[in-house]
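Because the structure is predicted, anything quoted here is derived from the model rather than measured.
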Amino acid sequence: MEKEKNLENARKDAFRLLKSRARSEFEISNRLKEKGYDQNIVNDLVSELKRKGFLDDLKFAKLYASDQIEIRFKGPKYVEYELKEFGIEREIIAKVIDEVLNDIDLKEIFKRFKKAHQKDPEDKLFQKLVNRGFDPYIVKRLLREISKEMEA
């Protein structure tokens, strides 16, 4: 009876966390453990949430990576680091980063970034994008292309 009550309370807490945004299995587990739930209850609940489709590390990683790159202008290296912090497996991270980079248009993202930082000179834009985790060779090439297009 007590275990059932604890499981139900843990379930409510998990759904409260999931209501605000998608989360990784690792993140849910840690947050529930921090709230004092027994490891067995946490494991049972995480398994249940995975089975029912409420927790999916692959889906979480795709959504997170896509948002961070397209909206927050974070590069793949930075996103990879953040996903590791969320407890996502390396294989999933590599797969997701590849998929997201294939699905998006980095040139368009860099154009938006350049527009948002239009007062910055080219070398400063380059440094900002590299510091955000984008590959320096790709940044240089795309910024050159964007500049040529704007001149034409």
Any donor-acceptor pair under 3.5 Å linking the side-chain atoms of Q39 with those of N43?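 Result is yes, a qualifying pair exists.
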
When rounded to the nearest 0.5 angstrom, what distance separates [atom1] in [X] from [atom2] in [Y]?
X	Y	atom1	atom2	value
L49	E25	CG	CD	9.5 Å
Y81	K74	OH	NZ	11.0 Å
I41	E48	CD1	CD	12.0 Å
R21	L18	CZ	CG	9.5 Å
I97	S66	CD1	OG	10.5 Å
K33	D38	NZ	CG	11.0 Å

Can you tell me which residue among D13, N6, N9 is in a side-chain hydrogen bond (donor to acceptor under 3.5 Å, both in side chains) with Y37?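 It is D13, the one option of D13, N6, N9 that forms the side-chain hydrogen bond (donor to acceptor under 3.5 Å, both in side chains) with Y37.
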
Chi angles and distances behind the salt bridge (charged side-chain N to carboxylate O under 4.0 Å, His left out) call for E149, K107: CA-CA 11 Å; E149 287 175 9; K107 192 173 182 180; 2.4 Å; yes

Look at atom CZ of F15 and say whether more than 12 heavy atoms of other residues, nucleotides or ligands are closer to it than 6.0 Å.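 Yes, because the 6.0 Å sphere around CZ of F15 holds more than 12 heavy atoms from other groups.
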
Is it true that, when you exclude F126 itself, more than 12 heavy atoms of the residues, nucleotides or ligands shown sit nearer than 6.0 Å to its CZ?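 Counting neighbours around CZ of F126, more than 12 heavy atoms of other residues, nucleotides or ligands fall under 6.0 Å, so yes.
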
Hydrophobic cluster membership, [X] vs [Y], 4.5 Å side-chain cutoff:
X	Y	value
L45	F60	no
Y78	L63	no
I88	L32	no
L106	V130	yes
L58	L55	no

Hey, does V96 have a side-chain heavy atom less than 4.5 Å from the side chain of V79?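 Side chain of V79 against side chain of V96, heavy atoms only: no contact under 4.5 Å found.
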
Non-hydrogen side-chain atoms of I109 and L142 separated by less than 4.5 Å: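 No. Closest side-chain heavy atoms not under 4.5 Å.
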
For [X] against [Y], the heavy-atom pair lying closest together:
X	Y	value
G87	D57	O-OD2, 4.5 Å
K115	Q118	O-NE2, 3.2 Å
S29	V46	OG-CG2, 3.4 Å
I28	A14	CD1-O, 4.2 Å
F86	F26	O-CB, 3.2 Å
A61	I92	CB-CG2, 4.1 Å

With side-chain contact (heavy atoms from CB on, under 4.5 Å) as the criterion, how do E122 and K114 come out once you've worked through the C-alpha distance, each side chain's angles and the decisive distance to 0.1 Å? CA-CA 9 Å; E122 198 85 10; K114 186 172 182 168; 3.2 Å; yes

Please name all residues satisfying salt bridge (Lys or Arg N to Asp or Glu O under 4.0 Å) with D120, sequence neighbours left out, ordered by chain then number.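 With neighbours one apart ignored, the set is K128.
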
side-chain contact (heavy atoms from CB on, under 4.5 Å) for F110 and E145? Distances and angles first, verdict last. CA-CA 11 Å; F110 288 2; E145 287 178 23; over 6 Å; no

Mind running salt bridge (charged side-chain N to carboxylate O under 4.0 Å, His left out) on E80 and K77 for me, showing each step along the way? CA-CA 5 Å; E80 179 180 342; K77 291 176 188 149; over 6 Å; no

Steps toward salt bridge (charged side-chain N to carboxylate O under 4.0 Å, His left out) verdict (E108, K111): CA-CA 5 Å; E108 286 302 314; K111 280 181 184 178; 3.4 Å; yes

Would you list the pairs meeting side-chain hydrogen bond (donor to acceptor under 3.5 Å, both in side chains) in which at least one residue belongs to residues 85-103, sequence neighbours left out?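 Listed once each, the pairs are K62-E99.
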
Spell out, as yes or no, whether a donor-acceptor pair under 3.5 Å connects the side chain of [X] to the backbone of [Y].
X	Y	result
E70	D67	no
R112	F73	no
R23	L17	yes

Please assess H117 against K124 for the test side-chain contact (heavy atoms from CB on, under 4.5 Å), listing each intermediate value before the final yes or no. CA-CA 9 Å; H117 298 88; K124 192 164 185 164; over 6 Å; no

